[in-house]
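First up is the structure itself, then whatever we jot down about it.
Treat the numbers as computed from the prediction; the structure is a model and nothing was measured.
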Amino acid sequence: MEINETLSQYSDLLYTTTVAIYVLALLFTLFEQAFGAKGRLAAERSRQRVLVGAGGPETNDSDDASIEDGDVPAEPEAPRAVGRAERIGRMGAALLVLGALLQLSAIVLRGLAVHRAPWGNMYEYGMAVTFITVVAWLVVIKKFPVRHLTGFLLLPVVILMFINGTMLYTVAAPVVPALQSYWLVIHVSAAIIGSGVFLVPGVASVLYLFRTAHDRDPAKFAGFGPKLPAADVLDRIAYRATIVAFPIFTFGVLCGAVWAEAAWGRFWGWDPKETVAFIAWVVYAAYLHSRATAGWRGTRAAVINIVGFSVTIFNLFFVNLVTAGLHSYAGVS
């Protein structure tokens, strides 16, 4: 069918607009991370004092102990500082939602323009993966009080989207005959969801290492570590996100093997992308196994998760840029 160039141009425009909105959301959320932490601790301290003064139970929050004399802003200034950081953080979250909606629109318009599932090349695949990452993070900040960490998630997303929109951009076109199969929807969509969600535990595990390093030696990352959530919160985010992504990614790998047998006459051929995907699967399986084993919780499990995160990024972009294989038809020359 003929490509709808108008819809394709609108899709490209929405993609560029999404990147700009994500950059703005990144700046807003970094502002909340930088200037909102003390305010949140001060507000919690004031709330506890009000409860105690009213006869409520006195709580012993460990974060209170980290507020040294002089760290809490003066009473007349604290409400304004806290309110400003809070409002800017909420604006950043609202921009994140707006960006996700625009990115979804870009994906849909791309699909309508080419009359197929909009992930037939690396540009479309990267666009979909980063969208899933943002959606997964929106779910995380709904369940955990970690909105102020959004900037750390958006930083790799923006970098990946920039690389995707420049080095990997492909004009709207029909897919090659090898991809004209219903397996394009099943296999690739599962790989997209799994890879997109995997980026969340990767970032959470990196922050976990910073937090635990600060907990062991408060002099390390003194201006950054105390503003991170407790290590167990970051550990739970990484673990639960990996639990969600791993079976979906496993399903995608199995579907890819079935599709390979139908298309090329073998289930496995050690193609570069197949091989790296298998390595990623092994690493995440090792992470879940180590996380379920008491002796391998904490830092060592986080390191394994970060290795999996690195392999996923490597497979997502680098393999297609520097290697040649059966997956080289993905629109990268």
Less than 4.5 Å apart, any side-chain heavy atom of [X] and any of [Y]?
{"X": "L160", "Y": "I313", "result": "yes"}
{"X": "V188", "Y": "W259", "result": "yes"}
{"X": "I186", "Y": "F251", "result": "yes"}
{"X": "V233", "Y": "R236", "result": "yes"}
{"X": "F224", "Y": "L207", "result": "yes"}
{"X": "Y287", "Y": "P201", "result": "no"}

Might you point out which heavy atoms bring [X] and [Y] nearest each other, and give the distance in Å?
{"X": "R110", "Y": "S11", "result": "CB-OG, 3.5 Å"}
{"X": "V175", "Y": "G120", "result": "CG1-CA, 3.8 Å"}
{"X": "A302", "Y": "L209", "result": "CB-CD2, 4.0 Å"}
{"X": "I306", "Y": "G202", "result": "CG1-O, 4.3 Å"}
{"X": "T29", "Y": "G92", "result": "CG2-CA, 4.1 Å"}
{"X": "L155", "Y": "L26", "result": "N-CD1, 4.0 Å"}

Evaluate whether atom [atom1] of [X] has more than 12 neighbouring non-hydrogen atoms of other residues, nucleotides or ligands under 6.0 angstrom away.
{"X": "F221", "atom1": "CZ", "value": "yes"}
{"X": "F278", "atom1": "CZ", "value": "no"}
{"X": "H115", "atom1": "NE2", "value": "yes"}

> Of all residues at least two apart in sequence or in a different chain, which pass the salt bridge (Lys or Arg N to Asp or Glu O under 4.0 Å) check with R90?
Replying inline: E86

Could you state whether [X] and [Y] fall into the same hydrophobic cluster, counting links through intermediate Ile, Leu, Val, Met, Phe, Trp or Tyr residues with side-chain heavy atoms under 4.5 angstrom apart?
{"X": "I21", "Y": "V19", "value": "yes"}
{"X": "V140", "Y": "I243", "value": "yes"}
{"X": "V114", "Y": "L13", "value": "no"}
{"X": "I3", "Y": "L7", "value": "no"}
{"X": "F162", "Y": "F314", "value": "no"}

Rounded to the nearest 0.5 Å, what separates atom [atom1] in [X] from atom [atom2] in [Y]?
{"X": "F309", "Y": "L199", "atom1": "CZ", "atom2": "CG", "result": "5.5 Å"}
{"X": "H214", "Y": "K227", "atom1": "NE2", "atom2": "NZ", "result": "11.5 Å"}
{"X": "T170", "Y": "N121", "atom1": "OG1", "atom2": "CG", "result": "4.0 Å"}
{"X": "Y10", "Y": "E5", "atom1": "OH", "atom2": "CD", "result": "13.0 Å"}
{"X": "L109", "Y": "L102", "atom1": "CG", "atom2": "CG", "result": "10.5 Å"}
{"X": "I107", "Y": "F131", "atom1": "CD1", "atom2": "CZ", "result": "5.5 Å"}

>> Can you confirm whether or not the ring centre of Y123 sits under 6.0 Å from the ring centre of Y15?
In response: yes

Polar side-chain atom of [X] near backbone of [Y] as donor-acceptor pair, under 3.5 Å:
{"X": "R211", "Y": "L228", "value": "yes"}
{"X": "T18", "Y": "L14", "value": "yes"}
{"X": "S8", "Y": "N4", "value": "no"}
{"X": "W119", "Y": "V129", "value": "no"}

> Do N305 and Y208 have side-chain atoms, one donor and one acceptor, less than 3.5 Å apart?
Replying inline: no

>> Checking side-chain polar atoms at under 3.5 Å, does D12 have a donor or acceptor matched by the opposite partner on Q9?
In response: no

>> Checking F198 against Y284 for the ring pair (Phe, Tyr, Trp, His ring centres under 6.0 Å) test, could you report, in this order, the C-alpha distance in whole Å, the side-chain angles of both residues, the deciding distance, and whether it holds?
In response: CA-CA 9 Å; F198 273 145; Y284 281 114; 3.7 Å; yes

>> Please enumerate all residues that pass ring-ring contact (aromatic ring centres under 6.0 Å, His included) together with Y239, with sequence neighbours excluded.
In response: none

> What's the verdict on side chain to side chain contact (heavy atoms under 4.5 Å, CB included) for R216 and T299, showing C-alpha distance, side-chain angles and the deciding distance?
Replying inline: CA-CA 12 Å; R216 288 192 299 269; T299 299; 3.9 Å; yes

>> With side chain to side chain contact (heavy atoms under 4.5 Å, CB included) as the criterion, how do R291 and I304 come out once you've worked through the C-alpha distance, each side chain's angles and the decisive distance to 0.1 Å?
In response: CA-CA 10 Å; R291 183 60 174 75; I304 296 174; over 6 Å; no

>> Pair W137, T150 - check side-chain hydrogen bond (donor to acceptor under 3.5 Å, both in side chains), show working.
In response: CA-CA 8 Å; W137 183 253; T150 300; 3.0 Å; yes

> Any side-chain hydrogen bond (donor to acceptor under 3.5 Å, both in side chains) pairs touching residues 91-108, not counting sequence neighbours?
Replying inline: Y22-Q103, Q103-T130

> Do F31 and M91 pass the side chain to side chain contact (heavy atoms under 4.5 Å, CB included) test, and can you show the C-alpha distance, the side-chain angles, and the key distance before you say yes or no?
Replying inline: CA-CA 11 Å; F31 181 90; M91 290 170 61; over 6 Å; no

